[in-house]
Amino acid sequence: MPILKANDFSLAHTLECGQVFRAAKVGDWYYVNARDRLFKIRQKGDDLTYDGDADDAFLRRYFSLDHDLNEILAKIGLDEHVSKAIEQYRGLRILRQDPWECLISFLCSRAQNIPNIKKTVESICETFGKKVRLDDYVSYAFPAPGQLKDMEGLKAAKTGFRAESIAAANSLQTEESLAALAKPPYPDAKKKLMELPGVADKVADCVLLFSLGFLQAFPVDTWIKQAMCECYFGGQKVSPDKIREFAQIYFGEYAGYAQQYLFCQIRLAKGGEPEPEEEENGQETGT
DNA sequence: CCGCAGGCCCCAC
DNA sequence: GTGGGGCCTGCG
């Protein structure tokens, strides 16, 4: 099996920090669906061993191994809060996901917790996607733009009130129009994304950050909002707009990296999701 | 059975 | 320009 070298990279933190919903841990492998690809990958030190529908070039790009993590972490490690998160999660990288899959996934994320987002996305794939297999692992490809127009299917996939916005994205966007959104400047790209129904600041920033290369995007969800108010606003309640504005100035061009590291930290501190943990080093940070 | 989850939208003030 | 309720659905 091919081996890819990667320093300053943590496969586990990158896949489990909540930026992607279609990576499943099986033993010491992660099986990852990305659009119509299915591959498996595992890490031992600096070695990434993989198999399935992937190659070095794709993986370097998908896992953003070209990001200069030293520079990025140096620029965002401005205080004890981020520094602590960096210590804990060093090697976490912002993925370069497929924009279409990312957009639909975060449309599904509205008013749901992570386990339910995963279920909804899986359900969409099972309803509309092609079956794919690697070893004994069977799953479904992510449907392409244009394939999500059937409202009955969307409802059957338990997308609920999100169905309309998914169908709208399906009819308004194409592979090309989404790729074109990667063009700076950030405010222009964000404005265009937010023309889609169901896409406001949070969803737009997730798509911009996790798939379109805008590392300054700073998605403000309820968890980050809480943490930012506690850490940077003396516990007073501040609006998401103000938080984002502050973060992008304070952290600068890599604000999105700060967001992901802080997000991981909060989920750990607050108990986060009851993810089925495989690791056996249960370190209780009792409060 | 009620309340809430990684939001958005619409409607009052 | 802010603030609060409703929304599909699943789970505690």
Side-chain angles (χ1 to χ4, degrees), chain A residues 13-23 85 89 92 94-95 97 101-127 148 150-170 172-173 190-211 217-231 233 236-247 255-276:
Chain A
H13 290 152
T14 298
L15 290 178
E16 289 182 17
C17 67
Q19 60 179 320
V20 63
F21 303 108
R22 305 205 67 209
Y89 292 100
L92 188 167
I94 303 289
L95 294 169
Q97 298 184 54
E101 179 168 355
C102 195
L103 170 62
I104 300 303
S105 297
F106 282 94
L107 280 174
C108 292
S109 78
R110 290 166 54 193
Q112 295 210 81
N113 55 28
I114 291 182
N116 281 334
I117 301 169
K118 287 181 178 170
K119 280 180 197 162
T120 305
V121 173
E122 275 325 296
S123 188
I124 287 176
C125 294
E126 283 169 24
T127 307
L148 295 180
D150 173 29
M151 192 60 71
E152 281 182 27
L154 288 172
K155 295 285 188 187
K158 305 293 174 64
T159 53
F161 63 83
R162 305 163 195 82
E164 284 76 14
S165 62
I166 293 169
N170 182 73
L172 294 171
Q173 294 292 336
K190 183 165 176 178
K191 193 178 162 194
K192 282 182 193 159
L193 264 180
M194 288 177 62
E195 288 171 7
L196 295 169
V199 179
D201 285 286
K202 161 59 166 65
V203 170
D205 277 325
C206 285
V207 176
L208 292 166
L209 178 60
F210 301 137
S211 74
F218 192 92
V220 180
D221 54 58
T222 57
W223 295 73
I224 279 288
K225 189 170 89 174
Q226 261 186 47
M228 291 293 289
C229 289
E230 280 174 30
C231 296
F233 293 93
Q236 58 177 316
K237 287 184 182 175
V238 181
S239 74
D241 284 352
K242 300 279 185 199
I243 292 172
R244 187 179 53 257
E245 193 181 330
F246 163 79
Y257 260 95
Q259 194 270 7
Q260 271 307 282
Y261 276 83
L262 286 171
F263 182 72
C264 285
Q265 184 75 9
I266 304 156
R267 279 181 70 203
L268 181 73
K270 307 276 182 185
E273 310 296 332
E275 300 271 3

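As the structure is a prediction and not an experimental result, all values here were calculated from the model. Below, chains carry the letters A, B, ... as their sequence lines are ordered, and counting in each starts from 1.
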Roughly how far apart, to the nearest Å, are C:dT2 and B:dG6 at atom P?
-> 26 Å

Could you tell me the separation between the CZ atom of A:F263 and the P atom of B:dA5, rounded to a whole number of Å?
-> 13 Å

Over how many whole Å does the gap from A:K202 atom NZ to B:dA5 atom P extend?
-> 14 Å

Under a 4.5 Å cut-off applied to non-hydrogen side-chain atoms, are A:I166 and A:C108 in contact?
-> yes

Name the nucleic acid region contacted by A:P219, choosing base, sugar-phosphate or nothing; use a 4.0 angstrom heavy-atom cut-off, strictly under.
-> nothing

Do side-chain atoms of A:R110 reach the backbone of A:R162 as a donor and acceptor pair under 3.5 angstrom?
-> no

Under the 3.5 angstrom rule, does the side chain of A:S123 hit a backbone N or O of A:K119 as a donor-acceptor pair?
-> no

Exam field: side chain A:Y261 to backbone A:L92, donor-acceptor pair closer than 3.5 Å = yes

Rounded to the Å, how far apart are A:I224 CD1 and B:dG7 C1'?
-> 15 Å

Does A:E101 reach the main-chain N or O of A:Q97 with its side chain, forming a donor-acceptor pair under 3.5 Å?
-> no

Is there side-chain contact between A:L172 and A:P197, with at least one heavy-atom pair below 4.5 Å?
-> yes

Would you mind telling me which residue lines up with the more 5' stretch of DNA chain B, A:Q259 or A:L196, judged by nearest nucleotide?
-> A:Q259

Tell me, please, which residues at least two apart from A:K242 pass side chain to side chain contact (heavy atoms under 4.5 Å, CB included).
-> A:V238, A:S239

In whole angstroms, the gap separating C1' of B:dC8 from NZ of A:K225 amounts to 13 Å

Is a side-chain donor or acceptor of A:Q259 paired with a backbone partner of A:P219 at a separation under 3.5 angstrom?
-> yes

For A:M194 and A:Q260, take the nucleotide of DNA chain B holding the closest heavy atom to each; which residue's nucleotide lies nearer the 5' end?
-> A:Q260

Find the runs of at least 3 consecutive base pairs, i with j, i+1 with j-1 and so on, that include DNA chain B, using Watson-Crick or G-U wobble geometry with both distances under 3.5 Å.
-> B:2-5 with C:9-12, B:7-13 with C:1-7

A:I117 CD1 to B:dA5 C1': how many Å, rounded?
-> 9 Å

Output, in order, the C-alpha distance, side-chain angles, deciding distance and verdict of side-chain contact (heavy atoms from CB on, under 4.5 Å) for A:V220 and A:D205.
-> CA-CA 8 Å; A:V220 180; A:D205 277 325; over 6 Å; no

Roughly how far apart, to the nearest Å, are B:dC11 and C:dC8 at atom P?
-> 15 Å

Rounded off to whole Å, could you give me the CG-to-P distance for the A:L103 and B:dC8 pair?
-> 12 Å

Which atom pairs link the protein and nucleotides 8-12 of chain C when you take only N or O atoms and keep those under 3.5 Å?
unit_1, atom_1, unit_2, atom_2, d
C:dC8, O4', A:F161, N, 3.2
C:dC8, O2, A:R162, NH1, 2.9
C:dC8, N3, A:R162, NH2, 3.3
C:dG10, OP1, A:K158, NZ, 2.9
C:dC11, OP1, A:K119, NZ, 3.0

